[in-house]
Number of protein chains: 2
Amino acid sequence: MPASRPGPNLSRIATSLGVSVATVSNALSGKGRVSGQLVERIREHAAELGYVPSQAGRALRTGRSGVLGLVLPDIANPLFPKIAQAIEFAASAAGYGVLIADSRGDVAAQTEAINRLVERGVDGMVVIPRRATRISSAACPVAVIDTPSTPGNTVAADHWQGGHEIAGHLAGLGHRHILIIGNNQESNVQNDRAGGIRSGMRPGMHSETLWIDRLEQENGSGCPLGLAEKVRQGFTAFAALSDLQALRALTELQQAGINIPTDVSVTGFDDLIWSPVVTPSLTTVRMDMDRIAGIAVSALVDTIRTSSIREGVLVTAEIERVAMQLIVRQSSGPANPAPKTSEMENM
Amino acid sequence: MPASRPGPNLSRIATSLGVSVATVSNALSGKGRVSGQLVERIREHAAELGYVPSQAGRALRTGRSGVLGLVLPDIANPLFPKIAQAIEFAASAAGYGVLIADSRGDVAAQTEAINRLVERGVDGMVVIPRRATRISSAACPVAVIDTPSTPGNTVAADHWQGGHEIAGHLAGLGHRHILIIGNNQESNVQNDRAGGIRSGMRPGMHSETLWIDRLEQENGSGCPLGLAEKVRQGFTAFAALSDLQALRALTELQQAGINIPTDVSVTGFDDLIWSPVVTPSLTTVRMDMDRIAGIAVSALVDTIRTSSIREGVLVTAEIERVAMQLIVRQSSGPANPAPKTSEMENM
DNA sequence: TCACTCTGATTAATCGTTTAATCAAAGTGA
DNA sequence: TCACTTTGATTAAACGATTAATCAGAGTGA
């Protein structure tokens with residue numbers, strides 16, 4: 001006994017109006033040849049009955065599920081809420097649902113998550129890849145959101161340019177010695193951000209990069225970063241490659257009695273939820289996730305519509321990099337003209 | 001021209017083995033009467049061909065989509081990654097996919113998001129309601145994760161008990177004047193947490209509650225909370241109702257030159273991603289999201305399996321509250337015996 | 001009047017799976 | 001041997017939507 005859905009279906013509407021199901025289908029989809037008058041009557045009656053097309057029936061017939069997959073291999077990423085929200089919004093506007101798949105960390109699990117989505121019959125998927133993993137083409141179109149320098153990337157924030165903005169901002173405030181604080185050297189995103197910062201530095205400026213995960217491998221997770229020492233060495237600006245690391249730097253410096261922004265400046269990336277409300281509020285650079293998601297989803301949907309067969313394609317979009325926007329808040333200020341010591345003056 | 005899926009289907013397996021599709025279906029599902037020998041042969045051949053059942057076909061026939069909806073009316077919630085991860089994991093283990101729906105904030109959008117999910121044919125859904133909204137029963141079973149005191153709640157962390165733990169911890173450290181910092185007085189969760197803290201205080205202790213959104217309505221979003229003044233008034237412990245507010249308090253106090261934990265203590269709720277890495281690391285209380293999600297999903301799935309009709313039921317679970325766990329870190333310490341002033345000594 | 005096109009509808013097949021109903025053959029007990 | 005159950009398989013009918021193919025009738029031009 002097939003469980004009958006509660007709502008009306010095409011044939012109920014059809015018999016109720018004395019026409020055939022095909023006509024009803026055509027009228028509602030606007031595809032076949034139906035007189036305007038009848039279209040009107042059918043539409044009205046369908047609305048009256050609260051007709052909702054069965055996704056299952058449609059999917060079975062058309063081979064399209066109307067669902068996109070969203071793969072977030074690093075779901076603990078604090079950017080996740082924004083990403084998921086933006087993707088869901090864009091997909092929903094295009095008439096698609098969003099099925100999520102998380103692969104807790106490792107790469108094998110990422111592949112497995114992708115397979116789960118394919119088995120559920122998604123028409124395409126958006127993947128935010130973990131670090132430098134390659135997407136072995138799945139059995140459906142795939143849009144990748146990573147960073148423009150990654151091969152196969154569909155669309156992403158211009159992390160490099162974001163770094164450039166940060167560097168320009170700090171240079172303009174008179175900072176000469178910048179400590180870049182990143183988490184993971186394998187990350188394409190973080191590398192681009194760091195590269196952008198370095199490329200934006202003016203002559204006479206100097207930078208050094210601190211990778212946290214390397215430090216933690218030696219000293220244990222959550223270890224101090226030794227930033228007070230860096231201040232003594234003459235660094236006046238700490239440019240973190242994510243707001244999470246910026247926050248870590250900010251609190252460590254504050255705890256050491258170093259005032260921000262009068263003694264040193266701290267900047268981040270991403271404009272995460274806490275950035276506006278910490279004291280001092282965080283100068284950072286924001287990506288236009290709505291725009292990125294919009295581009296990714298519409299490129300994906302276009303590909304789905306045109307590629308008649310269900311094949312594994314890497315989707316490309318016309319715009320593949322979206323500018324990041326500098327948000328100046330209180331954590332950055334003029335470089336302190338009298339650094340506590342000046343070990344670097346001769347560099 | 002119906003787009004034929006790439007993979008093999010039941011009938012391909014059937015003809016290839018010279019049996020009927022029904023037999024193949026029975027063999028794979030273990031339902032009908034098929035000889036053990038044939039079952040073995042069919043299973044082998046199916047695996048060999050890489051057979052993946054069509055969700056669409058199955059959904060159409062059974063009326064079940066094998067998909068659960070996840071409604072997060074407040075998707076910007078920093079807890080979201082953990083929740084989504086846990087729900088997806090539990091659902092996936094039970095053979096279900098997870099379709100997300102976000103309703104950016106307002107309540108009408110929440111209803112709309114729920115409808116979207118129903119239209120997509122979800123078999124049931126998990127709702128983390130926004131504040132005090134009631135779930136007008138949808139056309140499918142609904143599990144609610146909020147707080148045990150909310151009517152209709154399926155399962156949730158025992159926020160009250162979590163507050164109790166915090167209060168006990170602070171009392172043990174000798175704190176007598178506690179400032180509770182919450183965001184929104186309408187939130188059932190925050191109210192329970194605050195109630196738990198108050199109920200856990202020992203005789204002679206005193207608390208006051210600061211609601212941030214009320215303060216921000218007057219002074220603008222992101223305004224200072226005036227915590228230095230509170231320290232002067234004699235408060236030695238700041239118990240935030242979420243790590244986000246704890247972080248806000250922590251940085252504001254640090255910026256004012258108040259040392260944590262030697263001068264005052266700060267505690268939070270939720271153990272969010274930054275809590276272990278800020279300086280000082282945050283004492284907080286953690287909810288067992290995996291357990292909660294597991295209970296919610298299995299209760300939901302049970303209800304789906306038993307309720308033959310697609311009806312709107314509020315799911316109940318045997319265990320409806322899951323204990324929270326106190327995580328003691330560096331942001332809490334013994335009460336400073338010599339508060340800067342002592343306006344409260346006569347309270 | 002005939003051949004032809006155009007319009008507005010219907011018929012019927014199909015997507016892939018599940019499952020109730022049926023059936024043939026074999027086994028069982030009297 | 002006959003009636004009856006059990007076993008192991010098949011048949012066929014759904015589920016709900018889409019769409020190619022068909023068809024009746026009206027209009028049209030020669």
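Everything quoted here is computed from the prediction, not taken from an experiment. Numbered from 1 within each chain, the chains take letters A, B, ... in sequence-line order.
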- Item | Given dA9(D), dT19(D), dA9(C), the nucleotide with the shortest approach to the side chain of Lys31(A) | dT19(D)
- Note on the structure: Between Gly36(B) and Gly57(B), the residue closer to the 5' end of DNA chain D by nearest nucleotide is Gly36(B)
Tabulate protein N/O versus nucleotide N/O from nucleotides 21-23 of chain C, keeping only pairs under 3.5 Å, one per line.
none

- Message: Quick one: does any side-chain atom of Asn153(B) pair with a main-chain N or O of Asp146(B) as donor and acceptor, under 3.5 Å?
- Response: yes
- Item | Side-chain heavy-atom pair Val142(B), Val315(B) within 4.5 angstrom cut-off | no
- Item | Separation of dC15(C) P from Leu60(B) CG (nearest whole Å) | 13 Å
- Message: Whether Ser35(B) contacts dT7(D) is assessed here as follows: a side-chain N or O lying under 4.0 Å from the phosphate OP1 or OP2. Is that the case?
- Response: no
- Query: Thr15(A) side chain to Arg12(A) main-chain N or O, any donor-acceptor pair under 3.5 Å?
  - Reply: yes
- Query: Can you check the Ile42(A) CD1 to dG8(C) C1' distance for me, whole Å?
  - Reply: 11 Å
- Between Glu48(B) and Arg41(B), is the closest basic N to carboxylate O distance under 4.0 Å? no
- Considering non-hydrogen atoms only, spot the tightest contact between Leu79(A) and Met287(A) and give its length. CD1-CE, 4.1 Å
- Message: Without decimals, in angstroms, what is the distance between Arg58(A) CZ and dT14(C) C1'?
- Response: 17 Å
- Is Ile114(B) close to Met125(B) at the side-chain level, that is, under 4.5 Å between some pair of heavy atoms? yes
- Note on the structure: Between CZ of Arg41(A) and C1' of dG8(C) the distance, given in whole Å, is 13 Å
- Query: Does some side-chain heavy atom of Ile295(B) sit less than 4.5 Å from a side-chain heavy atom of Val155(B)?
  - Reply: yes
- Rounded off to whole Å, could you give me the CG-to-P distance for the Leu10(B) and dA14(D) pair? 20 Å
- Item | Spacing between Ile13(A) atom CD1 and dA9(C) atom P, to the nearest angstrom | 16 Å
- Item | Distance in angstrom units between Arg64(B) CZ and dT19(C) P, rounded | 11 Å
- Please list, by residue number, the residues of residues 14-26 of chain A whose heavy atoms come closer than 4.0 Å to an atom of DNA chain D; answer none if no residue qualifies. Ala22(A), Ser25(A), Asn26(A)
- Can you tell if the side chain of Val98(A) reaches within under 4.5 Å of the side chain of Val67(A), non-hydrogen atoms only? no
- Test item: Leu38(B) and Ser35(B) side chains (from C-beta on) under 4.5 Å apart, heavy atoms: yes
- Note on the structure: Separation of dA14(D) atom C1' from Arg12(A) atom CZ, nearest Å, is 15 Å
